[in-house]
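Order of the sequence lines fixes the chain letters, A, B, ..., with proteins taken first and strands second; residue numbering starts at 1 for each chain. Just so we're clear, the structure is a prediction, and the values are computed from it rather than from any experiment.
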Protein chains: 2
Amino acid sequence: MPNFVSANRIAEVAALIGDAARANMLSALMGGHALTAGELARHAGVTPQTTSGHLTKLLEAELVALERQGRHRYYRIASTEVAQAMQALMSLAAEGPRRHYPVGPREEALRRARTCYDHLAGRLAVGLADAMAAQGFVQIGEGAALVTGEGRRFLAGFGIALEEDGRARRPLCRTCLDWSERRPHLAGRVGAALLQRMLTLQWLARRPDSRALRILPAGEDGLAEIFRLPVDQL
Amino acid sequence: MPNFVSANRIAEVAALIGDAARANMLSALMGGHALTAGELARHAGVTPQTTSGHLTKLLEAELVALERQGRHRYYRIASTEVAQAMQALMSLAAEGPRRHYPVGPREEALRRARTCYDHLAGRLAVGLADAMAAQGFVQIGEGAALVTGEGRRFLAGFGIALEEDGRARRPLCRTCLDWSERRPHLAGRVGAALLQRMLTLQWLARRPDSRALRILPAGEDGLAEIFRLPVDQL
DNA sequence: GCGATGCTTCTGTGGCCGCCGAACCGTCCC
DNA sequence: GGGACGGTTCGGCGGCCACAGAAGCATCGC
């Protein structure tokens, strides 16, 4: 029959995500942290044994990957492809009937700054992308972003080396549509590097048990001075 | 609870796609043609009444949109967001155990040139992207592409006007990872415009009942002369 | 008007799958 | 060692949902 990337395989993986418990687990893993089975069970709101079943399925389908460490087993998103698919589904889910979710304090923290798999999201990320674009470090198109030569130098000065691998067309930068802001922000290799660097510089800190990020004093200063991004306006 | 883009909503839409029949329908619609319920029923391999049920669900979730015309009802993908999600899931599904699908002649035609929702895909699309990048009309990054000033002029000469809407950050061009080539090609507004223009110029023709495209003689000439893309090498 | 066609709604049936209780296996700590 | 704890496997139950048969409702042709 006509379809041969076998729409059936698409259905398989979509069905895998299309279960409340598993979607919650994957969603939790989108925070970028590797989590143990128990933590995932709590996130999903089901018993450990049920969780275990789900995890084996996700493992077989290579949607998540496993790392053992002593008696703990850490699960994480298996690949950026998976993260992208989840991202696309989030955007889709965030559309629709525009439900009025009451904005609690926790949600407010998430809207302000959070991780999205391996990069920044939230108002901070959108503001950062805008600020860098304004200074000519990146060019942002629809679903697309490129680092300029100037931007490359700027990032190098900030401690991020974009290895100049031979093929000029390779490296760089994607954008990722933020469900809370409905605006693009920087993802891809550059996005991941920015998050990492800001964590090691202690500009930002992960909150335990949440995708939300705290902006530390050093971060407020650094973002304002180096990135020309006044954090208090976020 | 922690998750609040409600992973449950993600699960809902994923589950919607995660059914073989519905996935086949959506997959068929990814060809870019609007299809009738009957055609979709045939694609999915189920009876019309079952199809009807699926379609109401897809409609409610706004994954597909409906256009009535006499006693026919034409269904199409509702938005680019949906198309992107499907695209991401295809990439994911195409990964994995790398099954050996025997490559039939039909599949070969698809690998060569086909539509992907509203733009080109297959070797033709990848080659086109490469050729345009080589001539400096676009810059292609990872998951990202931008049209240069030169490219803008080139496209204008080819009959594609990229309206310069005020906000400089808006328009342009995405890339889309091709499952068959595992390489990016041009999507977004530019990708759609290129496909449209080549269809109206009769460079390409849609095949009935398939996503595959035929490259017409005028297309062979034009692609070689204007885009510097020798089609016979695809 | 008539029937034919395209599509839908209604209804019942069947199967798959997510769920938990219980038991089992491994790792850590003292 | 023993015991606690993190994880997994097994078995049986329950509910949801995709499916087709039959009937209903539009639109087309004559």
Could you check Met198(A) against Leu128(A) for side-chain contact (heavy atoms from CB on, under 4.5 Å), going step by step and ending with a plain yes or no?
CA-CA 12 Å; Met198(A) 292 188 182; Leu128(A) 195 67; 3.9 Å; yes
Between dC16(D) (P) and Asn8(B) (CG): distance, integer Å:
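Between P of dC16(D) and CG of Asn8(B): 15 Å.
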Look at the rings of Phe227(A) and Phe158(A) and say which category their plane angle falls in: under 30° parallel, 30 to 60° tilted, over 60° perpendicular.
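It falls in the perpendicular class, over 60°.
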Which residues share a side-chain contact (heavy atoms from CB on, under 4.5 Å) with [X], sequence neighbours left out:
X         : value
Ala44(A)  : Ala21(A), Asn24(A), Met25(A), Val46(A)
Leu66(B)  : Leu59(B), Arg68(B), Arg73(B), Tyr75(B)
Gln49(A)  : Thr47(A)
Ala193(B) : Ile160(B)

Taking salt bridge (Lys or Arg N to Asp or Glu O under 4.0 Å) as the test, write out the residues that go with Arg76(A), two or more places apart.
Glu67(A)
Axis-to-axis angle between the two ends of the helix from dG1(C)-dC30(D) to dC30(C)-dG1(D) (five base pairs per end, rounded to 10 degrees):
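Inter-axis angle at the ends, rounded: 30°.
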Contact class for Ala20(B) vs. all strands (heavy atom < 4.0 Å): base, sugar-phosphate, or nothing?
nothing
Walk along nucleotides 6-12 of chain D from 5' to 3' and tag each nucleotide B, S or - by protein heavy-atom contact under 4.0 Å, base first, then sugar-phosphate.
SSBB---
Chain B on DNA chain C: first and last contacting nucleotide, 5' to 3', under 4.0 Å to a heavy atom?
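Terminal contacting nucleotides, 5' to 3': dA4(C) to dT9(C).
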Do Leu58(B) and Leu16(B) have side chains that approach each other closer than 4.5 Å (heavy atoms only, starting at C-beta)?
yes
Partner residues of Thr56(B) under the side chain to side chain donor-acceptor pair (under 3.5 Å) criterion, sequence neighbours left out
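Thr56(B) satisfies side chain to side chain donor-acceptor pair (under 3.5 Å) with no other residue.
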N or O in side chain of Arg22(B) less than 4.0 angstrom from dA18(D) OP1/OP2
yes
Pair Arg123(A) + Glu108(A), salt bridge at N-O below 4.0 Å
yes
